Amino acid sequence: MMRTRPLKVALLGCGVVGSEVARIMTTHADDLAQRIGAPVELAGVAVRRPAKVREGIDPGLVTTDATALVKRGDIDVVVEVIGGIEPARSLITTAFEHGASVVSANKALLAQDGAALHAAAIEHGKDLYYEAAVAGAIPLIRPLRESLAGDKINRVMGIVNGTTNFILDKMDSTGAGYQEALDEATALGYAEADPTADVEAFDAAAKAAILAGIAFHTRVRLDDVYREGMTEVTAADFASARNMGCTIKLLAICERAADGGSVTARVHPAMIPLTHPLASVRGAYNAVFVESDAAGQLMFYGPGAGGAPTASAVLGDLVAVCRNRLSGATGPGESAYAALPVSPMGDVVTRYHISLDVADKPGVLAQVATVFAEHGVSIDTVRQQGKDGEASLVVVTHRASDASLTGTVEALRKLDTVRGVASIMRVEGE
């Protein structure tokens with residue numbers, strides 16, 4: 001039998017995502033009630049600009065006092081979609097203290113203070129759900145922490161930012177330069193006026209921290225994630241990638257060490273073979289590739305941002321939290337029992353593509369090869385093209401640590417025959 005008394009929901013933020021959450025709650029109210037076992041009622045909407053017209057939302061529900069809203073005591077679930085660290089952090093902890101569970105899409109806050117938020121949720125016996133914080137509409141958090149809870153996850157690698165994937169895809173498919181592709185992404189609404197969070201990989205790094213923490217049952221904070229943006233990727237890099245049968249993607253990579261004793265989390269541009277499933281992810285779409293012992297290889301794909309897709313993930317969490325509320329239970333919280341150390345980037349082992357500008361004269365290749373050998377970096381292939389006394393030398397290594405490669409490059413820069421290091425890019429997915 002359905003309960004007639006509604007579950008009350010407070011919405012913090014009513015921008016692109018928040019307005020979609022409110023719309024779906026209204027237009028799908030009957031279906032949501034049937035799925036949950038009780039009606040859900042939008043009890044208040046906290047915003048910064050109350051005078052703005054919000055279609056479909058009763059103006060009487062709108063308030064600028066978010067703190068008072070979450071302190072009401074009759075709120076069952078708080079949906080936080082305002083983003084940022086403060087006041088979101090204080091509002092979420094206040095919501096727990098006053099009896100509400102929380103659904104959040106706040107990747108930055110969760111990556112920085114997820115452990116403290118989980119602790120607060122447990123202390124007060126409430127839920128903290130955040131499917132929408134990573135990869136928009138793509139079901140990813142719940143499969144990792146529930147569906148694959150009995151498996152051992154070894155690697156999570158994916159495209160988790162639609163803006164950067166659109167830019168890199170445009171550069172690859174049209175030959176456009178970085179700025180030209182960024183300008184198009186901005187014109188189409190894929191990039192913000194200030195795209196720094198996306199193109200410098202802050203957004204993807206926050207998501208990598210969340211994914212690594214869940215996958216490896218270890219607390220991974222934003223500061224633990226190696227981050228490298230994509231603003232230096234050039235058309236020449238794509239040409240080199242094509243010569244190798246690759247393309248370039250901005251990847252979030254979280255992996256367990258071969259001996260199982262540590263984990264790493266990193267975000268950076270990388271060449272990836274065209275045969276890999278992630279290479280075919282186009283436009284502003286996201287995809288995450290998961291490798292585990294028992295399930296093997298899994299890929300999750302779909303729209304990773306936007307009002308409606310992100311609201312879909314929020315509403316999925318809302319339904320789950322409301323069901324828990326009715327049953328008097330809580331869902332899975334933080335699982336950090338493994339407490340594995342997070343290794344620095346210097347310990348990461350992968351392949352590298354290095355492009356050098358060198359003098360076009362005898363003995364240069366031997367000098368370069370000697371430097372690689374002295375630093376214990378094995379060369380896979382070498383390609384040299386020269387003209388008018390100058391040459392381009394492209395070296396692709398076998399697997400090597402980031403620290404050994406860094407030492408190699410520093411030594412190469414000291415050679416009189418090396419005019420400069422044009423680019424260094426990791427090669428993943430092999």
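Atom set for the values below is all heavy atoms of this structure, side chains included, hydrogens, waters and symmetry mates excluded. Quick caveat, the model's predicted, so the values are computed rather than measured.
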* Asked: Just checking, any donor-acceptor pair under 3.5 angstrom between side chains of Thr397 and Asp380?
  -> no
* Kindly confirm or rule out a cation-pi arrangement of Arg227 over Phe202, judged by NZ or CZ under 6.0 Å from the six-membered ring centre and within 45° of its axis? => yes
* Measure from the side-chain N and O atoms of Thr218 to the backbone N and O of Phe216, and report whether any donor-acceptor pair falls under 3.5 Å. => yes
* To do: Using atom types as modelled and distance alone, determine if a side-chain donor or acceptor of Lys170 lies under 3.5 Å from a backbone N or O of Gly283.
  => no
* Trace of the salt bridge (Lys or Arg N to Asp or Glu O under 4.0 Å) decision for Arg266 with Glu255 -> CA-CA 9 Å; Arg266 51 197 166 102; Glu255 55 191 349; 2.5 Å; yes
* To do: Compare all side-chain heavy atoms of Val225 with those of Val267 and state whether any distance is below 4.5 angstrom.
  => yes
* To do: Indicate yes or no for a side-chain donor-acceptor contact from Ser240 to the backbone of Ala236 under 3.5 Å, with no hydrogens or angles considered.
  => yes
* Asked: Got Val281 and Asn286 here, is their nearest side-chain heavy-atom distance under 4.5 Å?
  -> no
* For Arg426 and Asp402, what are the C-alpha separation, side-chain angles and deciding distance, and is it a salt bridge (Lys or Arg N to Asp or Glu O under 4.0 Å)? -> CA-CA 9 Å; Arg426 297 167 185 88; Asp402 188 83; 3.0 Å; yes
* To do: Tell me whether the guanidinium CZ or amine NZ of Arg89 lies under 6.0 angstrom from the six-membered ring centre of Phe96 and within 45° of its axis.
  => no
* Considering only heavy atoms from C-beta outward, does the side chain of Val199 approach that of Asn161 to under 4.5 Å? -> no
* Determine the minimum heavy-atom distance between Tyr130 and Ile141, stating which atoms define it. => O-CG1, 3.9 Å
* Minimum side-chain heavy-atom gap Glu334-Arg219 below 4.5 Å -> yes
* Asp172 side chain reached by Arg242 side chain, heavy atoms, under 4.5 Å -> yes
* According to the interplanar angle, ranging from 0 to 90°, do the rings of Tyr190 and Phe166 count as parallel (below 30°), tilted (30 to 60°) or perpendicular (above 60°)? -> tilted
* Do the side chains of Val9 and Ile75 get nearer than 4.5 Å, heavy atoms only? -> no
* Does Lys52 reach the main-chain N or O of Pro50 with its side chain, forming a donor-acceptor pair under 3.5 Å? -> no
* N/O donor-acceptor pair under 3.5 Å between Asn106 side chain and Gly84 backbone -> yes
* Any side-chain heavy-atom pair of Leu69 and Thr67 under 4.5 Å -> no
* Going by atom types only, do Glu97 and Thr93 share a side-chain donor-acceptor pair under 3.5 Å? -> no
* Asked: Side chains of Thr350 and Glu428: do they bring a donor and an acceptor to under 3.5 Å?
  -> yes
* Asked: Does a donor on one side chain and an acceptor on the other come within less than 3.5 Å for Ser423 and Ser355?
  -> no
* **Exercise: do Tyr226 and Glu228 side chains pair donor with acceptor under 3.5 Å** => yes
* Would you say Asp30 has more than 12 foreign heavy atoms packed within less than 6.0 Å of its CG? -> no
* To do: Flag the pair Thr310 / Glu20 as yes when at least one side-chain heavy-atom distance between them is below 4.5 Å, and no otherwise.
  => no
* **Qualifying residue for salt bridge (charged side-chain N to carboxylate O under 4.0 Å, His left out) with Asp76, from Arg323, Lys8, Arg325, Lys126** => Arg325
